[in-house]
Every structure is written in C-alpha cells, then in structure tokens.
Amino acid sequence: MGRCPDCGEWGSVIEQLPPVGEGRPASLPRIPKPLADVDPAGAPVRATAVGELDRVLGGGLVAGSVTLLAGEPGIGKSTLLLQALAELARGGARTLLVSAEESVEQVRRRADRLGVPPPGLLIVAETSLPIVLAMAETLAPDVVAIDSIQTVHDPDGPGAPGSVTQVRDGAQRLVRYAKESGVATVLVGHVTKDGAIAGPRVLEHIVDTVLSFEGDRDHGVRTLRALKHRFGPTDELGVFEMSNDGLHGVPDASSLLLTERRGDASGSIVAAAIDGARPLLVEVQALVTRTNAPLPRRAAQALDGGRLSLLIAVLQERAGVGLGGFDVYANVAGGVRVAEPGLDLAIAMAVAGAHSDRRLPADTVVVGEVGLGGELRQVPQIARRLAEAARLGFRRAVVPPSTPEVPGIRLHRVADVGRALLLLEVPDDGLGARSGQE
Ligand code: TYD
Ligand code: MG
C-alpha cells in the first residue's frame with residue numbers, strides 16, 4: 001500500500017513480516033490453573049517512597065508491570081523519575097536508569113540538586129534497544145526506567161527513531177521483557193501540546209499504567225494522574241511543587257492553590273472542586289472587558305473553553321447578563337487544570353461578578369453544575385468538598401438545593417444561576433461602578 005488510509009500520507013507505510021518463531025511458546029508453557037489458586041501477592045508492589053507518586057499508583061510499582069510516565073517536554077518527568085529511582089535504591093532496590101536523551105554527566109548534575117544519589121542506582125546512556133534489553137537481562141535489576149521511549153530504537157528495525165513503528169515496537173518488546181523477567185519497568189513518553197504524535201497515544205493500550213504529569217510551565221504546581229491503571233484506582237490525584245531542589249509533594253494542595261488569593265477582588269470565586277477522589281479548593285478568576293470587535297473573545301486557561309462559552313450563553317439567556325460586547329477571560333489560578341462540572345457555578349459567578357464589579361464575601365465557596373435552563377444541579381461528593389472548605393476556614397457556601405448540612409458551614413441553597421447572582425455584593429468602599437468602562 002503506497003498511501004496510508006488513515007492519515008493520507010504517501011510512502012509512510014512499512015511492510016512488516018512476523019518474526020520467525022512468533023506464536024510458538026518461547027520457553028516453558030504456562031499451564032492453566034484455577035483462578036482461586038492464584039496467589040494475589042505473587043506480584044509484589046514496591047513503594048517508591050515518593051508519597052504523591054505512590055498515592056497515584058495505589059501503593060507503588062508492581063513487579064513485571066510497565067508504567068508510562070507521559071507529559072510535555074520540560075514538565076519534570078526526568079526529575080520525578082530520578083527522585084523515585086533514588087528513593088527505590090535507598091530502600092535497597094537495584095535500579096537501572098537508561099538515559100537515552102541526556103549524558104550521564106547531565107543526569108548527575110540534576111541528581112546533585114536533589115541530594116546525593118545512592119550507590120544502588122545504576123545509570124547508562126544508551127539509545128539502542130537491543131543493547132538496553134541485553135544489559136537489563138545481564139544486570140537483572142528490580143526496576144528499569146527508560147528516558148525516553150521516543151529516543152530508544154532498534155537500529156535494524158524499520159522506521160526512524162521516534163516514528164510510530166519504532167516507538168510501538170520498542171514498547172512491545174519492553175513489555176514482553178517486563179512480563180518475562182518480573183522487572184517493574186517505567187517508560188518516559190513525551191506528549192506534544194496537541195496530544196497525539198508518535199507517542200503515548202499509541203502506547204496506551206500496550207502498557208499497564210499510564211501516568212499523566214501536567215502543569216503550567218510558568219507555575220511550580222504539577223499534577224500527576226493515572227489515566228489507566230491495571231492495578232488500582234485511576235481517581236487519585238498527586239500534587240507536587242517544583243522547587244530548586246526537585247519536586248516536593250504537596251499533601252495540602254488546597255491551601256497552596258489559595259495562598260496568592262486576594263479575597264477582595266471582583267471576578268474571583270473559590271470553587272470547591274474534586275479531582276478524582278481528592279477535594280481541591282481552587283480560585284476561579286474572570287476578567288470582562290468591553291470590546292469593539294465583531295466577535296468578542298472567550299479565552300479559558302486551565303479550564304474547559306467550551307464550558308466557558310456555554311456558561312456565558314446561560315448567563316445571557318437565563319440571567320440577563322449581557323456579555324455581547326465584552327471579551328471574557330477565565331482561568332483557574334495556579335495553573336492546575338480542573339475540568340469538572342462542579343466548577344460551573346463558580347465560573348458563572350466569577351464572570352458575572354467581573355462584569356458588574358461585585359463579589360462574594362471572602363469566606364464563601366461555590367459549588368454546583370449549571371444546566372442549560374440555568375438551573376443548579378447537584379454534584380458528586382458534595383459533603384467532602386464542603387468539609388475541605390470548612391477545614392480551610394470557609395464559613396459559607398453557595399450550593400444546589402439538595403445539599404445536606406455540613407458542620408461549620410452556612411449553606412445558601414439556590415435553585416438557579418439568577419438567584420445565585422443576587423448573592424454577589426457591591427464592594428465595601430462603595431465604588432461599585434466600573435471605572436473607565438463607559
Ligand atoms: P525535567 O525533569 O528535565 O523535565 P522533562 O524530563 O519532563 O523534560 O525538568 C524540567 C524543568 O524543571 C527544567 O526546566 C528545570 C526544572 N527543574 C527545577 O526547577 N528544579 C529542579 O530541581 C530540577 C531538577 C529541575
Ligand atoms: Mg527529560
């Protein structure tokens with residue numbers, strides 16, 4: 001076939017013949033046995049001692065499993081990997097880091113920022129996959145990490161290094177190695193801004209676990225999520241802060257995300273969000289400014305842009321907030337991406353508050369999904385969200401009608417967006433009018 005039926009590219013299809021011998025059992029055939037007789041502790045879990053990583057992994061790395069650590073370049077994948085390997089080595093595990101992108105000296109310089117590397121951590125700069133596999137078989141470590149899967153390749157295989165064929169075949173061979181040897185294997189994978197490209201996408205179904213490392217490069221906060229996990233839940237959120245000496249776990253993420261908050265600004269609303277299983281208080285900010293452009297801008301950062309447009313439409317049609325001649329900007333402060341419907345009411349109130357220069361008292365949180373009719377809908381785990389807000393000193397909450405009482409918080413139960421907006425107040429200084437607008 002000369003042309004790829006998928007992407008339309010010419011000359012990109014490579015013929016591959018199945019290797020001789022494939023399909024026959026390689027060594028001892030495995031004999032089926034009753035599931036009830038299988039020892040569940042047969043595949044031991046190794047804690048990395050990087051707390052937020054273990055939280056997302058549900059305990060640690062499983063023997064014989066393959067974990068993909070995916071993220072944009074520069075987000076901190078190599079740093080997280082090095083910290084985890086160092087902790088594993090400190091705990092007595094034999095660890096091998098295959099650095100296919102950086103020289104061993106570069107990695108050593110990074111390690112020096114993180115503290116003295118333990119002697120049990122082996123490193124090699126190697127890009128040839130057959131050599132990597134041979135080395136791993138000889139050294140028989142407990143954990144192998146490849147940084148990155150896009151840069152290791154088989155020089156004799158088809159396709160250029162980093163091509164879909166090479167990346168997929170490389171990962172498949174590493175998976176086979178991990179299963180046969182029982183070695184916990186970690187692969188680093190780069191994702192580009194627009195997602196796809198010769199990377200994690202093609203690997204998702206091959207590996208056991210896909211971890212996504214995210215964050216805004218201009219901010220220190222990084223989040224780790226499991227997009228796929230064969231050994232545990234996928235709803236844990238890990239939060240780190242990048243500092244001069246590496247990544248530090250942030251057990252109390254809500255207070256970190258609210259530290260720079262100016263409670264008295266209009267257009268700033270604290271939302272009681274939840275990410276997977278973790279309650280997270282975030283500041284939603286909006287800016288509304290008059291424009292003469294025929295198509296006003298709607299720009300969203302760290303939140304869903306489509307949702308923002310929808311909420312603006314609901315504000316216009318259901319609550320009489322005219323935003324036609326205005327640009328609207330909205331973001332989640334701190335650069336942590338939160339996309340969940342529980343943020344709806346906070347976004348709507350932040351936009352309406354920015355528009356009319358009104359605000360909520362600083363000790364108020366907001367939570368609720370907004371329907372197309374402007375009605376407020378209940379969200380999952382409302383009690384946990386409000387308990388987190390109470391823990392951080394919030395005393396009032398704007399919530400959907402069916403919300404049960406939570407100790408320490410006064411509830412404003414509202415039926416729709418229009419009623420919620422009535423709770424926005426003119427600032428104390430009495431200068432409610434928007435200066436320079438008219
Ligand atoms: P890196 O782990 O190399 O990212 P990736 O492997 O995902 O491409 O780290 C990226 C950035 O982190 C780099 O710009 C430097 C910064 N950094 C710190 O701020 N503090 C540190 O202690 C380290 C090691 C890196
Ligand atoms: Mg790197």
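Atoms within a ligand are numbered from 1 in the order they appear, just like the ligands themselves.
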Enquirer: If I apply the N/O under 3.5 Å rule, does Glu102 come out as touching ligand 1?
Expert: no

Enquirer: Heavy-atom distances under 4.0 Å are what count here, so tell me which part of Pro73 touches ligand 1: side chain, backbone, both or neither.
Expert: backbone

Enquirer: Numbering the atoms of ligand 1 from 1, which are under 4.0 Å from a heavy atom of Ile75?
Expert: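 Heavy-atom distances to Ile75 below 4.0 Å select 4 (O), 7 (O).
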
Enquirer: Under the ring pair (Phe, Tyr, Trp, His ring centres under 6.0 Å) definition, can you give me all pairs with a residue in residues 70-115, not counting sequence neighbours?
Expert: none

Enquirer: Will you find, in the side chains of Glu87 and Thr48, an N or O donor that is under 3.5 Å from an N or O acceptor?
Expert: no

Enquirer: Measure from atom 18 (C) of ligand 1 to the protein's non-hydrogen atoms and state whether any distance is below 4.0 Å.
Expert: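 Yes; the ligand atom in question has protein heavy-atom contact below 4.0 Å.
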
Enquirer: Heavy-atom distances under 4.0 Å are what count here, so tell me which part of Arg110 touches ligand 1: side chain, backbone, both or neither.
Expert: side chain

Enquirer: So, at under 2.8 Å, which protein N, O or S atoms would a careful student list around the Mg ion (ligand 2)?
Expert: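 Those protein N, O or S atoms (cut-off: under 2.8 Å from the Mg ion (ligand 2)) are Ser78 OG.
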
Enquirer: What do you reckon, does Gly246 have a nitrogen or oxygen under 3.5 Å from a nitrogen or oxygen of ligand 1?
Expert: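 Yes, Gly246 has an N/O under 3.5 Å of an N/O on ligand 1.
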
Enquirer: So with a 6.0 Å cut-off around CD of Gln301, is the heavy-atom count from everything else above 12?
Expert: no

Enquirer: Taking distance alone, with N or O pairs closer than 3.5 Å, would you say Gly76 contacts ligand 1?
Expert: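 Yes.
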
Enquirer: Do any nitrogen or oxygen atoms of Leu114 lie less than 3.5 angstrom from nitrogen or oxygen atoms of ligand 1?
Expert: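 Checking ligand 1 against Leu114, no N or O pair falls under 3.5 Å apart.
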
Enquirer: Could an N or O of ligand 1 be found under 3.5 Å from any N or O of Asn244, whether backbone or side chain?
Expert: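 Yes, at least one N or O pair falls under 3.5 Å.
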
Enquirer: Answer yes if a protein heavy atom lies under 4.0 Å from atom 1 (P) of ligand 1, otherwise answer no.
Expert: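 Given the 4.0 Å cut-off, atom 1 (P) of ligand 1 counts as touching protein heavy atoms.
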
Enquirer: Examine ligand 1 and decide if any of its atoms is less than 4.0 Å from a heavy atom belonging to Ser243.
Expert: yes

Enquirer: What protein heavy atom lies closest to atom 13 (C) of ligand 1? Include the residue and the distance to one decimal.
Expert: Gly74 O, 4.7 Å

